[in-house]
*Asks:* 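Submitted below is the structure of interest, expressed as structure tokens.
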Amino acid sequence: MPHDGRARAGVTELRVSEAGAADTGSPPPVPEAAVSYQALTFAGAALAAVYVPGVGTEELRLVEAAGCATSQYGLPKRLPVSGGSPAAHAFRTDRPLWLNPAALASYSEGGPTPPQAETSLGALPLRAGGRRLGCLVVVGHPADGFEAEQRSFLERYADAVAGILQAGSGRPAPSSLLSPALRSLRVGTFVLVPDTGLIEADETLLELVGIAPDDFDGKADTLIAHTLPEDVHALMSVLEPSGQAWGRRELEFRVRRPTGEMRWLSLICRVAATIDDRPEQVLGLVMATSVLRRSADDVSRIQWLTAALDDAATVGDVSQVVVTALREPLGADRVALAELQDDRLMVSVLDPPQPDAWPEIWRPEWRSEWPDAPVSALPTLQMALRDGRMDLWPAGTALEPGLAGIGTGGLAVLPLPAKGRIAGVCLVGWDRPHEFVPEERSLLTATAALVGQALNRAHAYDAEQELATMLQRSLLPRRLPELPGGTAVARYLPARRGLQVGGDWYDVIALSEERVALVIGDVQGHSAGAATIMGQMRTAVRAYAVEGHPPDVVVSHANRLLVGMETDLFATCCYAELDMEEGNILFVRAGHLSPLVRHPDGSTEEVQVEGGPPLGILAEAEFPMTAAALAPGAVLALVTDGLVEASDLPLDEGMLRTRTALAAADPADPGRMADELLGDIGRREDDVALLLLRYDGMETRPIRAGWAVWRLPDAVMHARRFTTRTLRRWKVQEAADAVLLVVSELVTNALVHTQGEVRVDLTLRGDRLRVSVNDASPRAPAKPVIVDWEATGGRGLVLVEAVSESFGTVPVAGGKQVWSEIAVPPPESAPTDSGSRTEREGLL
């Protein structure tokens, strides 16, 4: 059976001098602090420290530290509660914070000094009775951070420390917290000297075994005498280390207490050697465990498996539980789990995962990571699946090539029943001859039934999550457009509870070459209904923006649309339109969070945008615009409340934390910047959307000239004259023939086929000249399908398209714009103005 989580804890070396050295007599007494050292070390922690709030809770004070590394480095004596240290963060949010070496390096305060490259840190809030009592900080050297089992033990340790603090409420903090808290967890420790057979055991260990402290003579044999005879050999092999078996050891064994009660204990230990590599001491940790590794009564195994499968949500989770439950406890060499889909076995886990550990016939179908085999090619499995009965094949059984080598010493084929059908099959194989005892047969039968139900449930969960993921991805942009003068990145994370699909959305809309709209929003709730409304709102906002409406009109139209959808859901939205040339930006906010800006000097600001109500509340709501400006190098951040607010994280504190992360991030890589803003936000209660735009400014600043066309008989002639003067001033007369042709045709079409104002705009950017003609008609011009060469008209748009590099039409507020881009040779000399310039002329 899998070991208790605490038995998997990584171990940091203890120096012999700190654990107590042996002499020729009995081992010297181990002080209480050394007992704590041993327990913490086996939990992966080299140092533990307790911080409690000072007067007025403006700072956290260090009141106690213990561990084997206190002499190597220490922790700050005082930490501001409002600061950015891990301890202050855990205290404020009331949530544990686990940092691996890379994550710890990003914190400038609150870490151990001097810093070490391979140091991990955990900060655990101390809370009891609804009060924040302080923070427990643990420092260790796991290269990948503390493991799940270590975290579980240390969180229990923090609860015990909090209980002692709570008991002393209203009085000064107790002088000793860490050791009493450890005693309350009933974790016993010992130091054994192999050469003498003497052992120093604490009171907790003696109580676990059932020996009164006054009756203990300090001999290891006295403790071993309480062990069940069949477990003595294994226990002695651990307590008497050989040169070939040094390092961390773990064992589960049984003791018989004086009352006759049998108790399972879990032991982990480590050898401390002398200079000449002889075992001088065995340092160990013992705790009670409810997990039975080998037992005639397998009730505890089934209880563990039931609980583990209940927490397994996906097919992959179920597969890993099966491997943990069967391979090591049964001494098996191979475990495979496969789902049955139609007539094929979809293998979800193979342990060991190496292809050469499995039949060669599977390897040609090795796709990606796992094989996919038809049932018809495996008669043994086909028979077991048809009958729904477990088959146990002893050593030496001749099986088909598809199963050859899986279990030369014995093979168990377990069909997995679920709701009247077979959900899959599990294979357990042994290389050495294996005897299937009756108790093991019962265990395998019960395991198959539990796994089948869990596999069926997990498959439905996976299908549901896959559908939710596909829905979410189809409603959000696949990619963001490339922007001249800036870089936009976005991140979306679904909620980690319920259906992982929500109403948060974002979009980046290129309105023209120099204008872009950024929008972020949040529909109430995270469900399929919220996602559907989100997709409709995103599409509507994009359509209104592309039509050329100003920001307040875009949001107003979207609001009216949502009001008319007859839904009980509302939405929030923040819309921004940015001029990429000048850096000018217009914001509209509808019940959403204010945008954040990181200035080029690293300072951050929450832009004060005048807001309106959420969308879908009031049809006649007004949404005022707020103007701001971005300097080159600034970063604009639009977020949803899932990032900055939770049940244990106030909004103001979340915004402050996000601003702090935004200031600390490197804007050179917007993608990494977005990832750092997300951070490790744990189990999300809500989905999260984040949109960043780094504004760089446009390298090539365009020159513009505009002309208002009057409706006169010779209007086209004056438009051509304006164009000629402009091209001469810009020194690009070589392209005059093509440009004048385009101007003549587009202006003529606008005057003949539309009513109202007509305007010509010329824009020169690099080697491209853009001709734009705006009119008041929303109808796009149509090219003739067939051109009659005897006709007097109908060829204009064909000619324009022929001489243009690109040509098109876009809707704008109050009408449309027909545009053409023409390649021009570079001017002989740059224009007199180095920046963008707009020239406006009237009729001469």
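It should be emphasised that the depicted structure is a prediction, and the values quoted were computed from it without experimental measurement.
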*Asks:* Any side-chain heavy-atom pair from Phe587 and Leu636 closer than 4.5 angstrom?
*Replies:*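 Of all side-chain heavy-atom pairs linking Leu636 with Phe587, at least one is under 4.5 Å.
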*Asks:* Spell out, as yes or no, whether a donor-acceptor pair under 3.5 Å connects the side chain of Tyr107 to the backbone of Pro86.
*Replies:* no
*Asks:* Hey, does Glu653 have a side-chain heavy atom less than 4.5 Å from the side chain of Thr93?
*Replies:* yes
*Asks:* Can you give the donor-acceptor pairs under 3.5 Å from side chains of residues 600-607 to other protein atoms, not counting sequence neighbours?
*Replies:*
from	atom 1	to	atom 2	distance (Å)
Asp601	OD1	Ser603	N	3.0
Asp601	OD1	Ser603	OG	2.7
Thr604	OG1	Arg659	NE	3.1
Thr604	OG1	Arg659	NH2	3.4
Glu605	OE1	His599	NE2	2.9

*Asks:* Kindly give the heavy-atom pair with the smallest separation between Ile617 and Val563, and that separation in Å.
*Replies:*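 The pair with the smallest heavy-atom distance is N-CG2, 4.2 Å.
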*Asks:* Would Glu757 and Arg711 pass as an ion pair if we require N to O under 4.0 Å?
*Replies:*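 No, no charged N to carboxylate O under 4.0 Å.
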*Asks:* What's the spacing between Leu651 CG and Leu656 CG if we round to 0.5 Å?
*Replies:*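 Those atoms lie 11.0 Å apart.
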*Asks:* On the six-membered ring of Trp819, is Arg770 placed so that its NZ or CZ lies under 6.0 angstrom from the centre and within 45° of the ring axis?
*Replies:* yes
*Asks:* Looking at Thr754 and Leu751, would you say the former's side chain and the latter's main chain have a donor-acceptor pair under 3.5 Å?
*Replies:* no
*Asks:* With a 4.0 Å cut-off on N to O distance, would you call Asp775 and Lys816 a salt bridge?
*Replies:*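 Salt bridge present between Asp775 and Lys816.
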*Asks:* Can Ser804 and Ser820 be counted as having a side-chain donor-acceptor contact under 3.5 angstrom?
*Replies:*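 The answer is yes; a qualifying pair exists.
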*Asks:* So that I can tick it off, tell me whether Glu610 and Arg589 are bridged by a salt bridge, with the cut-off set at under 4.0 angstrom between side-chain N and carboxylate O.
*Replies:*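 A salt bridge is absent here (no side-chain N lies under 4.0 Å from a carboxylate O).
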*Asks:* According to salt bridge (Lys or Arg N to Asp or Glu O under 4.0 Å), who are the partners of Arg728, at least two apart in sequence or on a separate chain?
*Replies:*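 Counting only residues at least two positions away or on another chain, Arg728 forms no salt bridge (Lys or Arg N to Asp or Glu O under 4.0 Å).
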*Asks:* Taking it one step at a time, do Leu690 and Tyr506 satisfy side-chain contact (heavy atoms from CB on, under 4.5 Å)?
*Replies:* CA-CA 8 Å; Leu690 169 66; Tyr506 61 85; over 6 Å; no
*Asks:* From Leu618 CG over to Arg560 CZ, what is the distance, rounded to the nearest 0.5 angstrom?
*Replies:*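 Here the rounded value is 9.5 Å.
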*Asks:* Hey, does Cys573 have a side-chain heavy atom less than 4.5 Å from the side chain of Val519?
*Replies:*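 A side-chain contact exists here, since the closest heavy-atom pair is under 4.5 Å.
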*Asks:* Output yes when a side-chain donor or acceptor of Arg542 lies under 3.5 Å from a complementary backbone atom of Val508, and no otherwise.
*Replies:*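 Present.
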*Asks:* Determine, stepwise, if the pair Met673 / Val635 fulfils side-chain contact (heavy atoms from CB on, under 4.5 Å).
*Replies:* CA-CA 10 Å; Met673 194 177 195; Val635 177; 4.1 Å; yes
*Asks:* Taking 4.0 angstrom as the limit, do Asp579 and Arg515 come out as a salt bridge?
*Replies:* no
*Asks:* Pick out which of Val760, Thr809, Val743 makes a side chain to side chain contact (heavy atoms under 4.5 Å, CB included) with Val773.
*Replies:* Val760
*Asks:* Is a side-chain N or O of Arg694 found less than 3.5 angstrom from the main chain of Ala668, in a donor-acceptor match?
*Replies:* yes
*Asks:* If you count every heavy atom of other residues, nucleotides or ligands that lies below 6.0 Å from Arg779 atom CZ, does the total exceed 12?
*Replies:* no
*Asks:* Checking Thr640 against Asp504: is there a side-chain donor and acceptor pair closer than 3.5 Å?
*Replies:* yes
*Asks:* Counting C-beta onward and ignoring hydrogens, is there a side-chain heavy-atom pair between Leu511 and Glu577 closer than 4.5 Å?
*Replies:*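 Side chain of Leu511 against side chain of Glu577, heavy atoms only: contact under 4.5 Å found.
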*Asks:* Take Leu104 and Asn100 through the side-chain contact (heavy atoms from CB on, under 4.5 Å) test and state the conclusion after the steps.
*Replies:* CA-CA 6 Å; Leu104 179 60; Asn100 58 24; over 6 Å; no
*Asks:* What is the minimum heavy-atom distance between Asp696 and Gly486, and which atoms define it?
*Replies:*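 In terms of heavy atoms, the two residues are closest at OD2-CA, 4.0 Å.
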*Asks:* May I ask you to test the Arg765-Glu514 pair for a side-chain heavy-atom distance under 4.5 Å?
*Replies:* yes
*Asks:* Check Trp710 against Ala715 and note the closest heavy-atom contact, atom names and distance.
*Replies:* O-CB, 3.0 Å
*Asks:* Quick one: are Leu615 and Thr572 in side-chain contact, heavy atoms under 4.5 Å?
*Replies:* no
*Asks:* Are the charged groups of Arg704 and Glu581 less than 4.0 angstrom apart, N to O?
*Replies:*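 Counted as a salt bridge, because a side-chain N and a carboxylate O are separated by less than 4.0 Å.
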*Asks:* Looking only at heavy atoms, what is the nearest atom pair of Val588 and Asp552, with distance?
*Replies:* CG2-N, 3.7 Å
*Asks:* For the CG atom of Leu691 and the CG atom of Leu480, what is their distance to the nearest 0.5 Å?
*Replies:*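 Answer for the CG-CG pair, Leu691 versus Leu480, is 7.0 Å.
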*Asks:* Has the side chain of Asn559 got a donor or acceptor atom that lies under 3.5 Å from a matching backbone atom of Gly616?
*Replies:* yes
*Asks:* Any idea which heavy atoms bring Leu649 and Val644 closest together, and the distance?
*Replies:* CD2-O, 3.8 Å
*Asks:* Using modelled atom types only, decide if a donor and an acceptor are shared between the side chain of His592 and the backbone of Val639 within a distance under 3.5 Å.
*Replies:*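 Pair found, side chain donor or acceptor close to backbone of Val639.
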*Asks:* Please report the closest heavy-atom contact between Pro670 and Leu692, naming both atoms and the distance.
*Replies:* O-CD1, 3.9 Å
*Asks:* With side-chain contact (heavy atoms from CB on, under 4.5 Å) as the criterion, how do Asn774 and Val758 come out once you've worked through the C-alpha distance, each side chain's angles and the decisive distance to 0.1 Å?
*Replies:* CA-CA 6 Å; Asn774 291 29; Val758 176; over 6 Å; no
*Asks:* Is it the case that atom CD in Glu805 sees more than 12 heavy atoms from other parts of the structure closer than 6.0 Å?
*Replies:*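 Counting other residues, nucleotides and ligands, CD of Glu805 exceeds 12 neighbours.
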*Asks:* Identify the residue among Leu518, Leu638, Thr626 that makes a side chain to side chain contact (heavy atoms under 4.5 Å, CB included) with Pro595.
*Replies:*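 Only one of Leu518, Leu638, Thr626 forms a side chain to side chain contact (heavy atoms under 4.5 Å, CB included) with Pro595, namely Leu638.
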*Asks:* Can you check whether Glu109 reaches Pro80 side chain to side chain, under 4.5 Å on heavy atoms?
*Replies:*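 Touching, per the 4.5 Å side-chain cut-off.
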*Asks:* Distance from Leu630 atom CG to Glu582 atom CD, nearest 0.5 Å?
*Replies:*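 So the CG of Leu630 and the CD of Glu582 are separated by 12.5 Å.
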*Asks:* Taking Arg491 for its side chain and Gly671 for its backbone only, find out whether a donor-acceptor pair lies under 3.5 Å.
*Replies:* yes
*Asks:* Could you check whether the rings of Trp707 and His718 sit parallel, tilted or perpendicular, using 30° and 60° as the cut-offs?
*Replies:* parallel
*Asks:* Side-chain contact test, heavy atoms from C-beta onward, threshold under 4.5 Å: evaluate it for Phe722 versus Leu762 and give yes or no.
*Replies:*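 Contact flag for Phe722/Leu762 side chains = yes.
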*Asks:* Once you round to the nearest 0.5 Å, how far does OG1 of Thr567 lie from CD of Gln524?
*Replies:* 8.0 Å
*Asks:* Can you tell me how far OG1 of Thr723 sits from CG of Leu741, rounded to the nearest 0.5 angstrom?
*Replies:* 11.5 Å
